[in-house]
Protein chains: 2
Amino acid sequence: MSLRFAILGFLSVKPFSGYDLRKAMDASVQHFWPADQAQVYRTLTRLIADGLVAVQAVEGDSRQRKLHFATQAGLAELDAWLRAIAPVEETREPFLLKMFFGGRIGAADVRAQLQARRAEAHALRDTFQAIAASLPKGGDISAVLRRATLINGLRHVEAEIIWIDETLEALP
Amino acid sequence: MSLRFAILGFLSVKPFSGYDLRKAMDASVQHFWPADQAQVYRTLTRLIADGLVAVQAVEGDSRQRKLHFATQAGLAELDAWLRAIAPVEETREPFLLKMFFGGRIGAADVRAQLQARRAEAHALRDTFQAIAASLPKGGDISAVLRRATLINGLRHVEAEIIWIDETLEALP
DNA sequence: ATTTAATATAGGACTTGTCATATATGATTA
DNA sequence: TAATCATATATGACAAGTCCTATATTAAAT
């Protein structure tokens with residue numbers, strides 16, 4: 001449901017083609033909003049039908065892409081959504097489900113699961129840290145908030161790593 | 001997709017009716033696998049069709065419920081899933097999306113968002129802590145792992161609270 | 001005694017997202 | 001020059017889950 005707003009958010013900065021939109025999302029919000037290609041195009045179609053986005057084929061462009069713009073109505077919807085207090089979200093975590101019933105498969109297999117996850121978490125933490133290090137710390141509110149979304153990911157992988165290690169120790 | 005395995009997991013412990021299953025899930029795995037009533041029944045139907053679950057109406061029961069059992073095939077599928085290394089999961093977090101584009105609405109509204117989330121996080125942390133305090137610390141591998149899933153939730157809300165506070169401070 | 005709440009199951013309509021596939025063009029490379 | 005890769009858009013089939021509504025029985029409360 002929020003893909004609408006993710007797209008409107010990007011279009012509030014500058015016009016994008018569907019393709020560029022997808023690339024931009026992959027490069028910035030992928031870790032908290034992975035965008036499926038088909039879904040991006042379908043949502044764009046929907047946004048256009050709702051009058052929140054307008055299209056304009058680029059004249060004289062070598063590529064046959066369609067530039068998408070946020071309309072006034074689109075920006076108004078975006079801002080209303082941004083201001084609405086976010087409801088608590090439910091999450092589904094298959095990994096925790098495995099842990100919950102892990103007693104069935106024995107400590108060795110559970111350890112393997114935890115260690116695999118630890119390796120992934122370490123890699124992700126390193127990635128987040130590298131990106132964070134390359135980003136300037138101050139700046140205007142937008143810069144601070146964009147950095148904050150990255151730090152959020154970092155804090156959560158850190159928490160996950162700590163939890164994995166304490167769980168491995170607690171295991172009999 | 002994992003609801004299948006959540007259900008098989010519960011049925012590996014003891015037989016359940018659809019209704020009791022839902023209640024049991026709400027009472028134990030809700031924070032990482034919220035179960036929709038309709039979905040539980042539909043998945044049960046599917047599991048029966050696949051031969052992983054068997055039903056048996058309870059004789060002489062005052063209620064008209066159907067008891068569901070995991071079959072041998074069901075338990076085998078469960079164990080295979082438990083042993084398969086969990087792939088990295090993608091997550092979608094509308095709240096971070098709001099933060100990412102928060103620059104549009106100004107610091108005051110962003111603060112309001114963060115403070116609302118902090119209140120929710122504190123409440124959740126208190127709940128997790130209360131439950132964790134009531135749970136014995138040691139026990140067999142199953143007990144340790146079940147407690148661990150709760151601690152996982154706790155560690156992540158704690159991380160979220162820390163992040164909220166540091167973000168509020170970083171805000172101009 | 002009647003209403004209301006809890007137990008128990010089920011299905012339709014819908015939304016979001018995934019996966020696979022199709023198509024066409026321009027750019028690069030062998 | 002032919003093959004292949006990146007750009008660019010689109011659709012069909014499907015899966016998983018949500019929301020709403022329906023139905024029937026039993027227990028509790030007024």
Side-chain angles (χ1 to χ4, degrees), chain A residues 1-8 10-11 15-27 29-30 32-50 53-68 81 87-94 97, chain B residues 1-8 10-11 15-27 29-30 32-50 53-68 81 87-94 97:
Chain A
M1 182 68 249
S2 303
L3 179 58
R4 286 169 77 80
F5 300 109
I7 290 176
L8 285 171
F10 279 95
L11 297 187
F16 281 88
S17 69
Y19 190 86
D20 289 341
L21 202 48
R22 220 231 143 178
K23 276 203 302 180
M25 293 186 73
D26 272 0
V29 300
Q30 203 212 118
F32 58 87
W33 206 276
D36 181 79
Q37 179 264 125
Q39 196 64 11
V40 166
Y41 281 101
R42 270 194 251 264
T43 306
L44 277 173
T45 305
R46 184 70 194 282
L47 285 166
I48 293 163
D50 293 348
V53 164
V55 215
Q56 197 184 298
V58 193
E59 299 259 334
D61 193 345
S62 59
R63 305 240 151 243
Q64 83 281 28
R65 66 192 163 151
K66 296 183 191 171
L67 263 195
H68 296 76
W81 178 76
V88 184
E89 296 292 328
E90 294 185 333
T91 44
R92 295 209 151 69
E93 309 214 30
L97 214 48
Chain B
M1 185 66 248
S2 304
L3 180 57
R4 288 169 75 81
F5 301 108
I7 290 175
L8 285 172
F10 279 95
L11 297 187
F16 280 89
S17 69
Y19 190 85
D20 288 341
L21 202 47
R22 219 230 144 180
K23 276 203 300 180
M25 293 186 71
D26 273 0
V29 300
Q30 204 212 120
F32 58 86
W33 206 278
D36 181 79
Q37 179 265 128
Q39 197 63 13
V40 166
Y41 281 102
R42 270 193 252 264
T43 306
L44 276 173
T45 306
R46 185 69 194 282
L47 285 167
I48 294 162
D50 293 347
V53 163
V55 215
Q56 196 184 300
V58 194
E59 298 260 334
D61 193 344
S62 57
R63 304 240 152 244
Q64 83 281 27
R65 64 192 164 150
K66 296 184 191 169
L67 264 195
H68 296 77
W81 178 76
V88 184
E89 295 292 328
E90 294 185 334
T91 44
R92 295 209 152 70
E93 308 216 31
L97 214 48

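This one's a predicted model, so the numbers in the text were calculated from it and none came from an experiment. Below, each value reflects all heavy atoms present in this structure, side chains not excepted, and no hydrogens, waters or symmetry copies. Here is the naming used below: chain letters follow the sequence lines, and residue numbers restart at 1 for every chain.
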**Student:** Examine C:dA10: is either OP1 or OP2 under 4.0 Å from a nitrogen or oxygen in the side chain of B:K66? Give yes or no.
**Tutor:**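 So the side chain of B:K66 is within the cut-off, an N or O lying under 4.0 Å from OP1 or OP2 of C:dA10.
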
**Student:** Identify all side-chain donor-acceptor contacts of residues 39-48 of chain A below 3.5 Å with residues at least two apart in sequence or on another chain.
**Tutor:**
{"from": "A:Y41", "atom 1": "OH", "to": "A:Y19", "atom 2": "N", "distance (Å)": "3.2"}
{"from": "A:T43", "atom 1": "OG1", "to": "A:Q39", "atom 2": "O", "distance (Å)": "2.6"}
{"from": "A:T45", "atom 1": "OG1", "to": "A:Y41", "atom 2": "O", "distance (Å)": "2.9"}

**Student:** Atom CG of B:L67 and atom C1' of C:dT7: how far apart are they, to the nearest Å?
**Tutor:**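 It is 14 Å, rounded to the nearest whole Å.
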
**Student:** Quick one: list whatever passes ring-ring contact (aromatic ring centres under 6.0 Å, His included) with B:W33, sequence neighbours left out.
**Tutor:**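 Partners of B:W33 by the ring-ring contact (aromatic ring centres under 6.0 Å, His included) criterion come out as none, since no residue qualifies.
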
**Student:** What's the spacing between B:L97 CG and A:R4 CZ if we round to 0.5 Å?
**Tutor:**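 That separation rounds to 13.0 Å.
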
**Student:** Using whole Å, what does the distance between atom C1' of nucleotide D:dA16 and atom CG of B:L44 come to?
**Tutor:**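 Between C1' of D:dA16 and CG of B:L44: 15 Å.
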
**Student:** Name the residue closer to the 5' end of DNA chain C, choosing between B:T45 and A:R4 according to the nucleotide with the nearest heavy atom.
**Tutor:**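 Residue closer to the 5' terminus by nearest nucleotide: B:T45.
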
**Student:** Return the set of residues passing side-chain hydrogen bond (donor to acceptor under 3.5 Å, both in side chains) with A:S17 (not counting sequence neighbours), or none when no residue passes.
**Tutor:**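 A:S17 satisfies side-chain hydrogen bond (donor to acceptor under 3.5 Å, both in side chains) with A:D20 once adjacent residues are dropped.
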
**Student:** Atom pairs, N/O to N/O, protein against nucleotides 17-20 of chain C, distance under 3.5 Å?
**Tutor:**
{"from": "C:dG17", "atom 1": "N7", "to": "A:Q39", "atom 2": "OE1", "distance (Å)": "3.2"}
{"from": "C:dT18", "atom 1": "O4", "to": "A:R42", "atom 2": "NH2", "distance (Å)": "3.1"}

**Student:** Could you give the CD1-to-P distance, from A:I7 to C:dT16, as a whole number of Å?
**Tutor:**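 Going from A:I7 (CD1) to C:dT16 (P), I get 12 Å.
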
**Student:** With sequence neighbours excluded, tell me which residues meet salt bridge (charged side-chain N to carboxylate O under 4.0 Å, His left out) with A:R92.
**Tutor:**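 Residues passing salt bridge (charged side-chain N to carboxylate O under 4.0 Å, His left out) with A:R92: none at all.
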
**Student:** For B:E89 and D:dA16, what is the distance between atoms CD and C1' respectively, to the nearest whole Å?
**Tutor:**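 Nearest whole value for this atom pair: 13 Å.
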
**Student:** Write down the atom of B:L11, the atom of B:H68, and the distance for their closest heavy-atom approach.
**Tutor:**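 Scanning both residues, the minimum pair turns out to be CD2-O, 3.5 Å.
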
**Student:** Distance check needed: C:dG26 C1' versus A:R65 CZ, whole Å only.
**Tutor:**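 A:R65 atom CZ is separated from C:dG26 atom C1' by 13 Å.
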
**Student:** So B:S2 and B:W81, do their side chains get closer than 4.5 Å, heavy atoms only?
**Tutor:**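 B:W81 vs B:S2: side chains touch.
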
**Student:** Quick one: side-chain contact (heavy atoms from CB on, under 4.5 Å) partners of A:D26, sequence neighbours excluded?
**Tutor:**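 A:D26 satisfies side-chain contact (heavy atoms from CB on, under 4.5 Å) with A:R22, A:Q30 once adjacent residues are dropped.
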
**Student:** Do the side chains of B:F32 and A:T91 get nearer than 4.5 Å, heavy atoms only?
**Tutor:**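 No, every pair of side-chain atoms sits at 4.5 Å or beyond.
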
**Student:** Would you call A:V29 and A:F10 a side-chain contact if the rule is heavy atoms closer than 4.5 Å?
**Tutor:**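 In short, these two side chains touch, coming nearer than 4.5 Å.
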
**Student:** Name every residue in residues 16-27 of chain A that has at least one heavy atom under 4.0 Å from any atom of DNA chain C, in order of residue number, or write none if there are no such residues.
**Tutor:**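 Residues of residues 16-27 of chain A under 4.0 Å from DNA chain C: none.
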
**Student:** Starting from the first five and the last five pairs of the helix from C:dA1-D:dT30 to C:dA30-D:dT1, work out the angle between the resulting helix axes, to 10 degrees.
**Tutor:**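 Rounded to the nearest 10 degrees, the bend comes out at 20°.
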
**Student:** B:I48 CD1 to C:dT9 P: how many Å, rounded?
**Tutor:**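 After rounding, the gap between these two atoms is 10 Å.
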
